[in-house]
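The structure under discussion appears below in the form of structure tokens.
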Amino acid sequence: MEQRLGAVDRRTADVPGEHTAGEAAEEAPANYSRRQIIEILIGLMLAMLTSMLTTSIVGTALPTIVGELGGQDRLSWVASATLLTMTASTPVWGKLSDVWGRKLLFQIALVIFITSSVAAGFADDMTWLIAARFFQGIGTGGLAALPQIILGDVVAPRERGRYSGFLGSVFGVATVGGPLLGGFLVDSPLGWRWCFFITVPLAVVAFIVIQRLLKLPARPRSENRIDWRGATCIVGAASAVMLLLSLGGQEFDWLSTPSYVLIAVAAVLFLGAVLVERRAQDPILPPHLFRNGTFVLGSLASAAVGMSMFGVMIYLPQYLQIVQGLSPTASGLMTLPMVLGLLTASVTSGFLVSRTGKWKVFPVTGTVLIGTGFFTLTFLDTESSLVLVGFGVCQIGLGLGMCMQILILATQNAVRRADLASATSAVSFFRNLGGAMGVATFGAVMTNRLHGEIAEFAERTGGSSGSSDLSSGVSGSPEAIHALPPAVQDAVISAFSNAMHTVFTLGMPIAVVAFVVVLFFKQIPLRSGR
């Protein structure tokens, strides 16, 4: 199988439009010293930190925001608006950077992000806040993809591992640590508005650093027109899928007219994207990438890793706060083993890849650790030790740290330099899409098991033992659940514990799928030149 995929990669290298050695040298940026690379890396890390904090920090603050601004019926849109536009816009940012230049696009993304963050912080109603979050997602899409692309321009693949590990650690730390910071800000005198304001100074510093230190050679003016039809189809299809995954089961039933309409729209636009991209002179997502075995495998593995990461991030706090009775701040502290594991594995694997040039062992080992981490979490119940929780999430963090950046590095190494931006943004797109799929899938499984447990309890008690309390308990906050009458409270907590067991069990086959996918990777030596 590896030989066959290797043949696919070699065929891909011969597709029309590949740069010759002279062209590659002409495009290659000037050599940077290690100090210059580190300074640029700091700017990129600050940008990624601010953008990823935006997607995770608001979750803890949502109950307080709704209490002040009202609009409980539109609560889900505060989180969904950013996730929707971030995921849908990611492939477009990559291609636009090919046409208009990395630095300019990166600065545009920072300006959009800063402006929308300030607007969100000053919001005085839910409509204003949702609109600001919508534009925040657009900026975040650029800040999520462009740092990886810029790093690919500045550093050769063989040396890129030691630096990309830091980007991966920032992504994980911001995504996992955001809820903890959000809880602290909400409980502090600063209030929930600083969940948006706090990212602005970091983004401004990132803008200044990139402006002063990033000196890329001027790109030759492209005669190709931007593929706006392809961009429209890709963004539209992704938006329809994201709307279905974000709102299905909450705003409307999965088996309902809105779901069917969104599925139909996504299918039509996806077909349109395929037809348009095959004929476009300079497509947003070049079809020949899908003939590259490493790109396809990297995208599939990234989607599976995204499902695992976002699944445990969203639903572990439910177990900690409802079943274990921890406060939001305490449950946030319980994510620290995951953060430390991700940080350690991401940086260490990056250095080892740069030293040895071999990378396949890390995603293989990482997916095994993700699977064993979920296996450990399946032993959790109402009486479990927090040490067991920490051990399980630490394994998952180690596995994620070995996978996320290495998958992007392997993909960048396997594609032509001309396709670096498109391939990098595409892998990020599939990871975000996998995360949305994970949240929706884990949520549907948990809800079904939860309602089944409650129905069994009501049947055992003849439907007369606090049926109204049971109904309110399932959808109530942790505080409301722990205020229920003892018998009903025990039933609801037990139901949540059993439902979470099913959720963690679901994480194992997802990890197995990721493991099988990465086994088929061909170990392509990392290039020493850009």
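Every value quoted in this text rests on a predicted model; they were computed, and no experiment measured them. Only heavy atoms go into these numbers, but all of them, side chains included; no hydrogens, no water, no symmetry mates.
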*Contact check, side chains of Leu352 and Trp359, non-hydrogen atoms, under 4.5 Å*: no
*Write down the atom of Leu386, the atom of Met334, and the distance for their closest heavy-atom approach.*
O-CE, 3.4 Å
_Side chain to side chain, Ser89 and Val235, heavy atoms closer than 4.5 Å_ = no
*Do the side chains of Leu407 and Arg431 get nearer than 4.5 Å, heavy atoms only?*
no
*Over all heavy atoms of both residues, which pair between Pro147 and Leu44 is shortest? Give the atoms and the distance, please.*
O-CD1, 3.7 Å
*Would Ile138 and Phe113 count as a side-chain contact (heavy atoms from CB on, under 4.5 Å) if you check the C-alpha gap in whole Å, the side-chain angles of each, and the deciding distance to 0.1 Å?*
CA-CA 8 Å; Ile138 296 175; Phe113 177 82; over 6 Å; no
*Any idea which heavy atoms bring Ile510 and Ala304 closest together, and the distance?*
CG2-O, 3.6 Å
*Got Leu340 and Cys394 here, is their nearest side-chain heavy-atom distance under 4.5 Å?*
no
_Check against side chain to side chain donor-acceptor pair (under 3.5 Å), Gln395 and Thr376_ = CA-CA 9 Å; Gln395 291 178 82; Thr376 300; 2.9 Å; yes
_Determine whether the aromatic ring centres of residues Phe295 and Phe290 are separated by less than 6.0 angstrom._
yes
*Met437 CE: over 12 foreign heavy atoms closer than 6.0 Å*: no
*Please name the pair of heavy atoms, one in Ala499 and one in Arg449, separated by the smallest distance, quoted to 0.1 Å.*
CA-CG, 3.5 Å
_Stepwise side chain to side chain donor-acceptor pair (under 3.5 Å) check, Asp419 with Ser422_ = CA-CA 5 Å; Asp419 293 326; Ser422 296; 5.4 Å; no
*Determine the minimum heavy-atom distance between Ala421 and Gly94, stating which atoms define it.*
CB-O, 3.3 Å
